[in-house]
Number of protein chains: 2
Amino acid sequence: MSDLLERLRGRGWRLTAQRRVVAEVLDSGEHVHLTADEVHGRAAARLPEISRATVYNTLGELVSLGEVLEFSADGRAKRYDPNARHAHQHLVCSGCGSIRDVHIAGDPMGALPESESAGYALEGVEMTFRGLCPDCRAKRGA
Amino acid sequence: MSDLLERLRGRGWRLTAQRRVVAEVLDSGEHVHLTADEVHGRAAARLPEISRATVYNTLGELVSLGEVLEFSADGRAKRYDPNARHAHQHLVCSGCGSIRDVHIAGDPMGALPESESAGYALEGVEMTFRGLCPDCRAKRGA
DNA sequence: CTGTATGCAAAACGTTTGCAACAGC
DNA sequence: GCTGTTGCAAACGTTTTGCATACAG
């Protein structure tokens, strides 16, 4: 519920029924790390004739606009994270693949010494922690 | 040149011509962040009848054995990093996609507060910096 | 009215699988 | 000789593309 649509309209984003539905799915606040196909599924529930291609197009644009974060936790399908406005990291369960947003102490960007990034124009960092979640520990770790 | 083969033999790894070639490609020291397909290409240069499936199998095993790191910098093809024995991070150019190994100051794992990983059995962290490399800055950034 | 977004279906891409033949130990 | 590995080709899941149509501005 972060007025994604509001912001997009303000940027002169051409608003169609399909785009609205995609934005609403992402903005619904609850299901946070959807794959493109999951987004399509939820979008199609509200607007049955929406095509996969449109969902891919729209997601790609939202990523370019910086409104949505794209990342891949497992090399398979990319996931889309509507929580692009607050810096955060991910904690992925190596058992079930579930993804949690987490927050680290300092600024991860600052961890890279100047000497290592010499000549580069740094833009961002991605940080992904991996581990077994409590549920999977109970089942596997025994 | 880190005696990957030596180590694998020591672990009772069944050594075939194909596996040797794959290990040699990864161990050749120079081309560091190959995709599975690139590995296959280089392997096939030495042993033409090697199949893609075998390369995938072998890479998967090397990853399980902890000898090779698997990561995806772009959501497309996975990349294989033979430098699994020394902790390091990646710096990816958002222009040309080139990948550099970099090293940060502290221990990235320690950056995650206990409260955030409560109940989890942490296993590792991945850290990827993004930015424009000097070449791409010259061409694009103007 | 114009340009852009859409739907469809097909293709591209990376990866996995099933299975018979084969080869290391 | 037993067992695990290989090659092949086909299947798979995800994403991209080309093109004619529809619609927001």
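Just so it is clear: chains get the letters A, B, ... in the order the sequence lines come, proteins before strands, and each one is counted from 1. If you're wondering where the values come from, they're calculated on a predicted model, not measured in any experiment.
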Between [N] and [X], is there an OP1 or OP2 to side-chain N/O distance shorter than 4.0 Å?
| X | N | result |
| --- | --- | --- |
| B/R19 | D/dT5 | yes |
| B/Q18 | C/dA23 | no |
| A/T54 | C/dG7 | yes |
| A/T16 | C/dT6 | yes |
| A/Y56 | D/dT16 | no |

Length of the [atom1]-[atom2] vector between [X] and [N], whole Å:
| X | N | atom1 | atom2 | value |
| --- | --- | --- | --- | --- |
| A/E49 | C/dA5 | CD | P | 18 Å |
| A/D74 | D/dG13 | CG | P | 15 Å |
| A/R14 | D/dG25 | CZ | C1' | 7 Å |
| B/H40 | D/dT6 | NE2 | P | 12 Å |
| A/L47 | C/dT6 | CG | P | 10 Å |
| B/K78 | D/dT14 | NZ | C1' | 13 Å |
| A/W13 | D/dC23 | CH2 | P | 18 Å |
| A/R20 | C/dA5 | CZ | P | 16 Å |

Inset, instruction - Decide side chain to side chain donor-acceptor pair (under 3.5 Å) for B/D81 and B/H90; before the verdict, give the C-alpha distance in whole Å, the side-chain angles of both, and the deciding distance to 0.1 Å. - result: CA-CA 10 Å; B/D81 187 341; B/H90 292 126; 2.9 Å; yes

Inset, instruction - Ignoring hydrogens and angles, answer whether the base of D/dT14 and the side-chain atoms of A/R52 contain a donor-acceptor pair closer than 3.5 Å. - result: no

Inset, instruction - Return yes if a side-chain donor-acceptor contact under 3.5 Å exists between A/Q18 and A/T58, otherwise no. - result: no

Legend entry - A/E38 and its salt bridge (charged side-chain N to carboxylate O under 4.0 Å, His left out) partner, picked from A/K78, A/R79, A/R52: A/R79

Inset, instruction - Select from B/A53 and A/V55 the residue whose nearest nucleotide in DNA chain C is closer to the 5' end of that strand. - result: A/V55

Inset, instruction - For B/L15 and for B/D37, find the nucleotide of DNA chain C with the closest heavy atom, then tell me which residue's nucleotide is more 5'. - result: B/D37

Legend entry - side-chain contact (heavy atoms from CB on, under 4.5 Å) partner of B/T128, chosen from B/V102, B/D74, B/V92: B/V92

Inset, instruction - Report the nucleotide, chosen from D/dT5, C/dT15, C/dT6, that has the shortest atom-to-atom distance to any side-chain atom of B/E61. - result: D/dT5

Inset, instruction - Choose from C/dG7, C/dT15, D/dT16 the nucleotide whose nearest atom is closest to any side-chain atom of B/R76. - result: D/dT16

Inset, instruction - Would you classify B/A17 as touching base, sugar-phosphate or nothing, given that sugar-phosphate means primed atoms plus P, OP1 and OP2, and contacts are heavy atoms under 4.0 Å? - result: nothing

Inset, instruction - Consider only side-chain heavy atoms of I, L, V, M, F, W and Y, link residues closer than 4.5 Å, and tell whether A/L69 and A/F129 are in one cluster. - result: no

